[in-house]
Amino acid sequence: MKSQQKQYWLMKSEPDVFSIDTLKKDVTTWWEGVRNYQARNFMMKEMIVGDEVLFYHSNATPPGIAGLAVISEAAKPDPTQFDKKSEYYDPKATKEKPNWFCTQVKYKKTFKHFITLEKLKNDKHCENLLVIKKGQRLSIQPVSEKDFQYLSQLGLGSI
DNA sequence: GCCAACGTTGGC
DNA sequence: GCCAACGTTGGC
C-alpha cells in the first residue's frame, strides 16, 4: 500500500564509494545494492516520486548529513542482482521473481554547512532521529517532516 | 583496526 | 521455531 503523502528519508552512502559530489556530477542515480529487507521495503512500498531525502555520509570522517536529494523514479528491480560479476549478485533472484528493488535518486543541493553526527546527537531538536541511535545500521531510514525541515534549513544556512 | 550491535543462515 | 555461528555495518 503506497502512501499518497510525501515522506522524508535519510539515505546512507559511503563517500569513498559514492558521495554527494558524485551525485551532483551524475545528477541522478539508481540506488542499487541495498540488500536489507527493511530498506528494500521502504523503496518498494513506501517511496513515491517527490519524496525528499537527507543524503548521509557513513563510514566517513566525520559522518553526517551532506545535502539534499529527491526521489525521481519509483522502484524497479535492481539490475545488479542478476549480474554474476556484481558484488551484489543474488543467485536466488530471477527476472520473473526479483528479490531486490531500487529507486532513482536525484541531486538537489549540497549543504553549505555539513551536519556532523556529533552535532545531531547534541541537538535537542533531533532526539527522535533514528540515525543517532546506537547500533542503528539501517541504510534507509524514515525521517519526520519536522526533522527534515529543520535539518535542511540548518544545512542550507537559513537558520 | 577494533568491536558492539544487528541481520542472516542453517543445523537441529 | 530456536539459537549459535557467522557476516556486515559503521562509529570510534
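Just so we're clear, the structure is a prediction, and the values are computed from it rather than from any experiment.
- Between A:K134 and A:Y37, the residue anchored nearer the 5' end of DNA chain B, judged by the nucleotide with its closest heavy atom, is A:K134.
- Under a 4.5 Å side-chain heavy-atom criterion applied to ILVMFWY residues, the cluster that includes A:L10 comprises A:Y8, A:L54, A:Y56, A:I65, A:L68, A:F111, A:I115, A:L117, A:L120, A:L129, A:V131, A:I132, A:V143, A:F148, A:Y150, A:L151, A:L154, A:L156, A:I159 as well.
- Connectivity analysis of hydrophobic side chains (ILVMFWY, heavy atoms under 4.5 Å, direct or indirect) links A:W100 to A:Y37.
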### Where protein sits on nucleotides 5-12 of chain C, one letter per nucleotide: B base, S sugar-phosphate only, - none, heavy atoms under 4.0 Å
--BBBBBS
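- In this structure, A:K95 forms a cation-pi arrangement with A:F82, its terminal cationic atom sitting closer than 6.0 Å to the ring centre and no more than 45° off the ring axis.
- Between the side chains of A:S139 and A:R35, no donor-acceptor pair is found at a separation under 3.5 Å.
- For A:S72 and A:Q104, the side-chain atoms include at least one donor-acceptor pair closer than 3.5 Å.
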